[in-house]
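Worksheet: one structure, shown below.
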Amino acid sequence: MSDCKHIYISKIGGHEGEDICLKGWLYGKRSSGKLHFLQVRDGTGIIQAVVFKGDVSEEVFATAGKISQESSIEVYGTVKEDKRSHIGYEIAVKDLKLVSEASEYPITHKEHGVAFLLENRHLWLRSPKQLAILKIRHQIIKSVRDYFNNNDFLLVDAPIFTPAACEGTTNLFETEYFDEKAYLTQSGQLYMEAAAMAFGKVYCFGPVFRAEKSKTRRHLTEFWMVEPEMAYYDLKMDMDLAEDFIEYIVQSVVKHNRKDLELLERDISKLENIKKPFPRITYDEAIEILKQKGKEIEWGEDFGGDEETAISENFDRPVMIHRYPTKCKAFYMKQDPENQDLALCVDVIAPEGYGEVIGGGQREDDCDALLEKIKEHNLPQEAFEWYLDLRKYGSVPHAGFGLGIERTVAWLCGLHHVRETIPFPRMMERIRP
RNA sequence: UCCCCGGUAGCUCAAUGGCAGAGCAUUCGGCUGUUAACCGAAGGGUUGUAGGUUCGAAUCCCACCCGGGGAGCCA
C-alpha cells in the first residue's frame, strides 16, 4: 500500500479506478455499524473515504472508528465515481495510517461566536470558508502583481521603518531604533514619488500600520496596500488606470475563483457587472446626492462610512469621486488650477456599501506651492527636504493611488468585516494569535 | 476616547432573588450509505474578577478585567 501514488483531492478526477494515497486530516466522521464515512481534507478539497468492514483488517476498521476530528491521516484506497458525492468521487478505503492523533478539537461544525473563532484563528483557518476567502485573497494579490508587471511598472519596495515626520505621530506605531525613535510606515507613497522620478511607472506592495483606535468592520491596525505612482500622469490618467486596474482584478477573481465565491454564497452577477466605464462624479455632485437623500452634510466635510454607503447605493459599480475640498485632503495633493479650493484627488468607493477601496490623486509638483503646504500643515520642513528635492531636480506632473487589499477582499467575498480577509488580523483589541 | 450590548459546561445558549439546565462536542454501547446522520447511556460547573445588599445572589448594587457592535478618528 505504501507504494500508492499520493494524489491531491483537487486532482482526484483524473484517477478513477486507480489505487491512490491521500495525505490530510480528518474533517468529519459518521459511522453506521459496519461502515465508517471519513471526510478527509488536504487543503485542496474534501472527499469522503468509505471504510467497509468487509474490505479491511479488523485493526484498520477499529482505527477508522475512533479517529478524532483533525487527526492527521494517510488513506489508501481506490478512487470511485459516486453520484452522491458533491465532488463526484469517493475513496473505497483499503488501508489507513494514523499519522498523529488530535486531542479534542475545539472548533466543531456547529455555530461559534466571533470572539472564540478569533482566539482560535490558527485552527479556524482550516475551515472551508476561510480557505475560500484566502484563496480569493491569493488571486487578488496575484492579479495586482500581474497587472502592474504586465503594464511596464517596476516593483520598488518601500521601507517599513520611517523617521518621525509625516503629519504628526499620533497615528503611528513607535519603536526603538538604536538611539532614536522610528515609526512603522503608514504608506509608501512619498518613497514611490521618488521612485517614479527615477523609473517612470512604479508600485510598491506591502504591509502598512495605523495606530488609530478604530473599532469598525473596515479597520485593521496592520493591513496590506498596493501603491502605484506614475510620472507624467495627471488626475484623469490616474483615474483611467484605477478603473482599468479594478476591472482586471474583479474579472480575474470571477474567472478563477467561481467555486470559492459560490461556497461563500456571493452574488457573482454583481461582480460580473464590474466593467468599465465606472461613474465619475465630483465632490460637489456627491454632496448633492447626499442632500437629496436627506443627509445633513455641509460642503467641506469629508465623508464617513455612512455617506460613502449612501452614495454607493446610487450605482451598480464602483463610483469615482474626484475633486474634494483641499482642506480635507493631505498636504501633497495638487490644487485644481481651475478652483483653488479643490484638490486633484479621487476616492473610489466600492458598491454594496464596502466603502473606500482606493484613494489617490495628482501630487503637488511645484516646489514653492509644496513648501507652502508643508508650512500650512505645521510639518517639520527639515524632514521633507528630500521630498522637496524631487521638485527641485526635474519635477514633472505625477499621480498615483493606494488600494487596500483587505477591503477589496471583503468586497469581492461579500464579507461583513475585514477581519476574516487576512490570515492573522491585527486590531485595536486583538493581537493574538 | 465615547455610547450600546455581553461574559454560566469545550462550544452555542437557557435559568431574573429560592435544588446549576439543554443541544452540540467528548467517552461508552447500537445500526451496511451517512451528508450538521440517527438511537441509548455516562462524564463534564470557583456562573469573568473582587467587594457589597440579602436568611438566601448566575440573577440586585459598585469597581475592575475581557470581548462584541457602533461612533469619532482614519494621506
Side-chain angles (χ1 to χ4, degrees), chain A residues 27-39 46-55 61 65-66 68-70 80 82-87 90 92 102-120 123-124 128 162 165-168 170-172 185-193 208-221 223 225 227 229 301-308 324 326 328-333 343 345-347 355-356 358-361 363-364 373 377 379 387 400-402 404 407 416-417 419 427-430 432:
Chain A
Y27 177 69
K29 174 167 67 77
R30 296 178 201 90
S31 292
S32 182
K34 307 234 168 10
L35 283 166
H36 295 303
F37 301 97
L38 311 180
Q39 273 72 45
I46 294 176
I47 193 169
Q48 177 159 275
V50 184
V51 187
F52 176 48
K53 195 168 189 175
D55 289 348
F61 189 77
K66 67 176 194 217
S68 54
Q69 188 188 356
E70 286 302 321
K80 293 198 165 164
D82 194 306
K83 289 195 295 256
R84 290 166 292 194
S85 162
H86 66 283
I87 61 166
E90 286 187 344
S103 48
E104 269 187 55
Y105 190 69
I107 300 179
T108 68
H109 297 163
K110 304 283 180 175
E111 60 193 311
H112 293 287
V114 172
F116 175 77
L117 289 170
L118 283 173
E119 261 152 42
N120 290 282
L123 302 176
W124 189 21
T162 59
C166 323
E167 324 225 338
T170 51
N171 296 327
L172 294 170
T185 184
Q186 50 182 332
S187 164
Q189 185 203 310
L190 304 190
Y191 297 98
M192 287 308 101
E193 290 187 52
V208 293
F209 308 87
R210 306 269 167 102
E212 294 145 15
K213 298 198 169 176
S214 300
K215 285 183 62 172
T216 83
R217 61 196 182 85
R218 298 182 304 277
H219 287 88
L220 297 168
T221 54
F223 63 99
M225 189 155 70
E227 295 173 276
E229 190 74 29
E301 290 176 42
D302 203 355
F303 301 139
D306 284 352
E307 284 85 14
E308 287 176 358
Y324 282 66
T326 314
C328 56
K329 288 291 171 182
F331 76 94
Y332 51 71
M333 293 288 190
C345 65
V346 60
D347 281 359
E356 180 188 340
I358 277 182
R363 321 306 187 186
E364 183 53 73
K373 288 286 194 56
H377 283 77
L379 297 170
Y387 189 63
F401 60 81
R407 287 185 184 180
H416 177 69
H417 201 298
R419 64 188 159 211
M427 291 172 289
M428 181 183 153
E429 305 284 5
R430 186 175 292 283
R432 274 172 273 271

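Order of the sequence lines sets the chain letters (A, B, ...), proteins ahead of strands, with each chain counted from 1.
Considering all non-hydrogen atoms of both residues, A:W124 and A:L118 come closest at CZ3-CD2, 3.9 Å. When every heavy atom of A:T326 is checked against every heavy atom of A:A343, the shortest pair comes out as OG1-N, 3.8 Å. When every heavy atom of A:H219 is checked against every heavy atom of A:M427, the shortest pair comes out as O-CG, 4.3 Å. Residues A:R217 and A:H416 share a closest heavy-atom pair of NH1-O, 3.1 Å. Nearest heavy atoms, A:K329 versus A:M333: CB-CG, 4.0 Å.
The same atom, C1', is picked in B:C31 and in B:A37; the two are 11 Å apart, to the nearest Å. A distance of about 12 Å separates the P atoms of B:A57 and B:C19, rounded to the whole Å. Separation of the C1' atoms belonging to B:G7 and B:A50 is 16 Å when rounded to the nearest angstrom. Between B:U16 and B:C24, the two C1' atoms lie 26 Å apart (nearest whole Å). Nucleotides B:G68 and B:C28, compared at atom C1', are 39 Å apart to the nearest Å. Going from the P atom of B:C11 to that of B:U47 covers 15 Å, rounded to whole Å.
For A:H416 and B:G68, the shortest distance from a side-chain N or O to OP1 or OP2 is not below 4.0 Å. Taking only side-chain nitrogens and oxygens, A:K215 never comes nearer than 4.0 Å to OP1 or OP2 of B:G70. Look at A:R30 and you won't find any side-chain N or O under 4.0 angstrom from OP1 or OP2 of B:U34. One finds a side-chain N or O of A:R430 lying less than 4.0 angstrom from the OP1 or OP2 phosphate oxygen of B:G68. Taking 4.0 angstrom as the limit, A:R419 places none of its side-chain polar atoms (N or O) nearer than this to OP1 or OP2 of B:G67.
Neither side chain, A:H36 nor A:S32, offers a donor N or O lying under 3.5 Å from an acceptor on the other.
Using a 30° and 60° split on the angle between ring planes, A:F331 and A:Y387 fall in the perpendicular class, above 60°.
Straight-line distance from the CD atom of A:E307 to the P atom of B:A71: 10 Å, rounded to whole Å. Rounded to whole Å, atom P of B:A25 lies 18 Å from atom CG of A:L123. To the nearest angstrom, P of B:G33 lies 16 Å from CD of A:Q39. Here the C1' atom of nucleotide B:G68 and the CZ atom of A:R217 are 15 Å apart, to the nearest Å. With rounding to whole Å, A:K373 atom NZ is found 15 Å from B:A75 atom P. In this structure, A:E111 atom CD and B:A25 atom P are separated by 13 Å, rounded to whole Å. What separates CE of A:M428 from C1' of B:C66 is a distance of 13 Å, to the nearest Å. For A:K53 and B:U32, the NZ to P distance is 9 Å, given to the nearest whole Å.
You'll find the side chain of A:E90 stays beyond 4.5 Å of the side chain of A:F37, heavy atoms only.
Using a 4.0 Å heavy-atom criterion, one finds that A:Q48 contacts the bases of the nucleic acid, with or without backbone contacts as well.
When distances are taken from the side chain of A:S32 to each of B:G33, B:G69, B:C74, the shortest belongs to B:G33. Here B:C73 is the nucleotide among B:C73, B:U12, B:G33 with the atom lying nearest to any side-chain atom of A:S214.
If you check distances only, the side chain of A:H219 does reach the base of B:C74 with a donor-acceptor pair under 3.5 Å. Between the side chain of A:E90 and the base of B:G33, a donor-acceptor pair under 3.5 Å is found.
Once rounded to the nearest 0.5 Å, the distance linking OG of A:S187 with CE of A:M192 reads 9.0 Å.
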Return the polar atom pairs (N/O with N/O) between nucleotides 38-45 of chain B and the protein under 3.5 Å, or none.
none

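Ranked by how close their nearest RNA chain B nucleotide is to the 5' end, A:V50 and A:T108 are led by A:T108.
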